[in-house]
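First listed ligand is number 1; within each ligand, the first listed atom is number 1.
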Amino acid sequence: MKRSSKSRKSPIQLVRDTLKGKRGINTYVWMYCMLFVILVLVTIWLLQYVCLSNYYRSAKISSISQEANRIIQAYGTPEQGHTNRTIAYENSMCIVITDEDGNPLTSENNLGSYSRLYDDIENNYSMYIYKLKNELMKASDNCYTVTFENDELDAKEIIYCAKIYVDEAPEQAYLFIECTIEPIDSTVKIIREQLIFVTIILFELAVIISVFISTRVARPIAKLTKTARRFGEGDFNVKFEGQGYREAEQLAKVLNDAVNDVRKVSDLRKDLIGNVSHDLRTPLTMVKAYAEMIRDLSGDNPVKRNEHIQVIIDEADRLSNLVNNLLELSKLESGNMELDLKKFSIGEKIEDCMTRYQLVIEQNGYDMKFEPDEDREVTADPDKLDQVIYNFINNAINYTGDNKVIRIKQINTEKAVRIEVTDNGKGISKELLPKVFDRYYRDAKVKRDVVGTGLGLAICKEILKCHNFPFGVRSEEGKGSTFWFEIPCE
Ligand code: ADP
């Protein structure tokens, strides 16, 4: 509860943050949402006040001219009086028809005493109407309009003047129509009042929705940041979660992959330090112990002394082997390895590697055989490949079963030469299988005298990766393992 109230910001806090200059993604989303709503509202109000009156005005003028036509058509007919009355009533108009001198022939007033035409007839001997008539005479059209502000009615008005030509009539007549051209009726008032309510409601809704959206957008990022902070503080057991939208999920996935990599590296580093220090300490302890023995006990006994010196030499060899392997691996992993590519016979290379084990095979009774295919020339760095084959064979010898059978196979395919080194030892468990090529991976159950440095396969992996040769291992617990790699043919 406490946490969520902390992460959710009120609009006031958002505004404060904005003013302080520390704008977060939610502030931006909130700001843009509000801006959008304000723009929508401004547009509606503009439409209501500016465009509506213009639209109303042009609609009104076109309706006046239509009504004027109706009046002109009815002029001189028996329906004239009725038509004029109806039109004046329906449209709140003052309609006056005058003769050439401006004297009213007929009039209908539905604007009350505020009508300018009516006032002119009543009080000014039709002076204003006479003036309008003169203007109409000068106009190129048959009609002439004048707009003005009627202060008494508090509205804009229009006077539409038109000539009436009737063949049968004894003289020319003139039509004058006065009416307001602004929406002054109650519907418009109600619409305007409602618009105020709509604005208030819309504004409140916009605030709520924009705060909701902005917190929803920002929440996954805030969550990711929080997790990243924990990760930065050294907690590698974090899990990034980015539910909400695709980008956040993708970011969470990338970060989780990075965490896994960092966790692996960290575990490896810990293992490496533990293993290296252990493997350095053990031979050093032996060297010291045997050196002391020679000094104190066996110095005068040549047989014992030589035995002890041999132990010191063996342990020194183990130490230098470990250091060499570490150096080799770090060189390989730093990407500084340069391959000295040459063409050579793969069969000869394997046989050459095997001869080095001849003595060990004879002394310990190993059944090691090479099953060659048709000889092929391959392109690789011979010394580096030698290291790989040597390591695979060495491991097969170290981990083979009691029948001591080891098989090295060359299998030619159309596109590659595949080399397999198989032993029938105790095999590797399914859980450990994916890790055997990892640096310093070592089966904990294996005895110290058997194993080397735990770096051999990691070195093989780097060499094969550098050559772009596919490689791998098949193994079944209790049955044995097969380590393989393929050299693609050109
Ligand atoms: P090491 O110097 O310990 O042999 P490697 O990197 O060559 O180091 O091998 C890593 C680990 O993989 C070994 O410690 C062993 O547990 C396992 N391993 C390697 N080859 C075999 C094999 N042929 N049979 C069973 N386990 C093996």
Side-chain angles (χ1 to χ4, degrees), residues 264 267-269 271-283 314-315 317-333 350 353-354 356-357 360-361 364 366-370 384-409 418-466 469 471-485:
K264 254 195 208 163
D267 289 350
L268 256 166
R269 189 177 49 89
D271 282 359
L272 190 72
I273 293 170
N275 287 334
V276 169
S277 47
H278 173 263
D279 275 15
L280 286 175
R281 206 175 49 219
T282 319
D314 287 348
E315 291 303 321
D317 280 348
R318 194 189 280 273
L319 265 177
S320 86
N321 199 19
L322 174 69
V323 173
N324 284 343
N325 278 346
L326 273 172
L327 282 174
E328 172 89 13
L329 188 61
S330 84
K331 215 161 77 187
L332 289 174
E333 285 183 343
I350 292 170
C353 282
M354 283 172 67
R356 278 189 264 158
Y357 285 97
V360 184
I361 291 168
N364 298 291
Y366 288 107
D367 172 13
M368 180 154 81
K369 277 200 185 101
F370 174 41
K384 297 273 185 297
L385 210 68
D386 198 81
Q387 236 177 315
V388 175
I389 300 167
Y390 178 81
N391 248 298
F392 282 6
I393 296 177
N394 207 38
N395 278 348
I397 290 174
N398 279 338
Y399 303 109
T400 192
D402 291 337
N403 63 4
K404 299 186 171 179
V405 175
I406 296 153
R407 292 285 172 268
I408 302 153
K409 282 187 202 161
R418 189 181 168 99
I419 307 298
E420 290 190 352
V421 179
T422 308
D423 66 76
N424 55 2
K426 66 180 184 63
I428 305 164
S429 67
K430 271 194 181 127
E431 306 84 68
L432 301 180
L433 202 58
K435 297 186 194 163
V436 282
F437 282 98
D438 283 354
R439 181 151 49 122
Y440 239 108
Y441 163 72
R442 226 188 229 185
D443 191 341
K445 291 175 224 150
V446 179
K447 280 188 267 161
R448 181 176 181 268
D449 348 336
V450 178
V451 293
T453 57
L455 296 171
L457 287 179
I459 292 174
C460 292
K461 178 174 141 184
E462 290 305 319
I463 292 175
L464 292 168
K465 256 169 62 182
C466 195
F469 291 172
F471 63 94
V473 55
R474 298 191 303 272
S475 187
E476 216 178 310
E477 260 187 300
K479 288 200 172 164
S481 318
T482 298
F483 283 82
W484 61 268
F485 64 88

(request) Would you confirm whether N364, through its side chain, and V360, through its main-chain N or O, come within 3.5 Å as a donor-acceptor pair? (result) yes
(message) Centre-to-centre under 6.0 Å for F471 and F437, is that the case here?
(response) yes
(message) Just to check, does G425 reach to within less than 4.0 Å of ligand 1 when the distance is taken from its heavy atoms?
(response) no
(message) By the definition side-chain contact (heavy atoms from CB on, under 4.5 Å), identify the one residue from L457, D423, I408 that meets it with F392.
(response) L457
(message) Taking distance alone, with N or O pairs closer than 3.5 Å, would you say G456 contacts ligand 1?
(response) yes
(message) Rounded at 0.5 Å granularity, tell me how far CD1 in I361 sits from NZ in K404.
(response) 11.5 Å
(message) Keeping S475 on the side-chain end and G480 on the backbone end, is there a donor-acceptor pair under 3.5 Å?
(response) yes
(request) Using a strict cut-off of 4.0 Å, indicate which atoms of ligand 1 neighbour a heavy atom of V436. (result) 12 (O)
(message) Below the 3.5 angstrom mark, is there an N/O of Y399, backbone or side chain, next to an N/O of ligand 1?
(response) yes
(request) Assess F483 for proximity to ligand 1: is some non-hydrogen atom of it under 4.0 Å away? (result) yes
(request) Mind checking whether D423 contacts ligand 1 via backbone (N, CA, C, O), side chain (CB onward), both or neither, at a 4.0 Å heavy-atom cut-off? (result) side chain
(request) Examine the proximity of ligand 1 to L457 and report which part, side chain or backbone, both or neither, has a heavy atom under 4.0 Å away. (result) both
(request) Please report the shortest heavy-atom distance between K369 and M354, naming the atom on each side. (result) C-CE, 4.1 Å
